[in-house]
Amino acid sequence: VSSSIGSNIFDVLVGLPLPWMLYNMIKSKPVTVVSGTTLPLSIGMLMAMLVAVISTIALMNWTMYKSMAYVMFAMYAVFLGVSLWTADWNCA
């Protein structure tokens with residue numbers, strides 16, 4: 001679990017922005033501002049899911065069970081559903 005959380009944090013903080021920044025610097029392109037009206041909701045949900053993941057693992061005595069996979073899948077389905085429901089589909 002710690003390696004998956006750590007690798008995802010690395011991917012988001014280094015793996016995505018570094019190539020984007022280098023490309024824009026090499027091509028002398030202006031900075032692209034990304035904004036989202038539902039960003040606070042997404043961040044809040046991800047933080048809540050992180051707490052839920054750690055709590056679920058702790059409640060199961062730090063042992064992986066098949067039922068934990070169902071809980072993780074259900075949490076992901078909720079996050080995906082809310083993200084798709086609140087998405088701005090006017091990508092013009």
Side-chain angles (χ1 to χ4, degrees):
V1 172
S2 65
S3 66
S4 66
I5 293 171
S7 69
N8 287 335
I9 290 172
F10 178 82
D11 290 345
V12 169
L13 295 179
V14 177
L16 292 173
L18 189 63
W20 191 4
M21 182 181 68
L22 290 174
Y23 175 81
N24 286 334
M25 287 171 49
I26 292 169
K27 297 288 186 176
S28 298
K29 293 194 173 214
V31 175
T32 304
V33 177
V34 178
S35 63
T37 57
T38 60
L39 188 59
L41 174 65
S42 296
I43 291 173
M45 284 183 57
L46 287 173
M47 296 303 280
M49 288 186 66
L50 179 62
V51 169
V53 165
I54 293 170
S55 299
T56 302
I57 294 169
L59 287 171
M60 295 186 176
N61 296 321
W62 303 96
T63 305
M64 302 291 270
Y65 293 106
K66 196 173 188 179
S67 58
M68 188 173 11
Y70 296 128
V71 171
M72 302 287 177
F73 184 74
M75 288 190 293
Y76 178 71
V78 168
F79 174 76
L80 185 61
V82 171
S83 295
L84 290 173
W85 183 52
T86 61
D88 179 17
W89 296 100
N90 298 323
C91 303

Notebook entry, point to check: Do Leu84 and Leu80 pass the side chain to side chain contact (heavy atoms under 4.5 Å, CB included) test, and can you show the C-alpha distance, the side-chain angles, and the key distance before you say yes or no?
Noted result: CA-CA 6 Å; Leu84 290 173; Leu80 185 61; 4.1 Å; yes
For residues [X] and [Y]: do they belong to one hydrophobic cluster (side chain heavy atoms under 4.5 Å, members Ile, Leu, Val, Met, Phe, Trp, Tyr)?
X: Met64; Y: Ile54; value: yes
X: Ile43; Y: Leu16; value: no
X: Val51; Y: Val78; value: no

Kindly give the heavy-atom pair with the smallest separation between [X] and [Y], and that separation in Å.
X: Thr38; Y: Thr86; result: CG2-O, 3.4 Å
X: Val12; Y: Pro17; result: O-CD, 3.2 Å
X: Met60; Y: Met68; result: SD-CB, 3.5 Å

Considering residues at least two apart in sequence or located in another chain, which fulfil the side chain to side chain contact (heavy atoms under 4.5 Å, CB included) criterion with [X]?
X: Val14; answer: Phe10, Leu18
X: Trp85; answer: none
X: Ser28; answer: none

Notebook entry, point to check: Is the backbone N or O of Tyr65 less than 3.5 Å from a side-chain atom of Ser67, with the two atoms forming a donor-acceptor pair by type?
Noted result: no
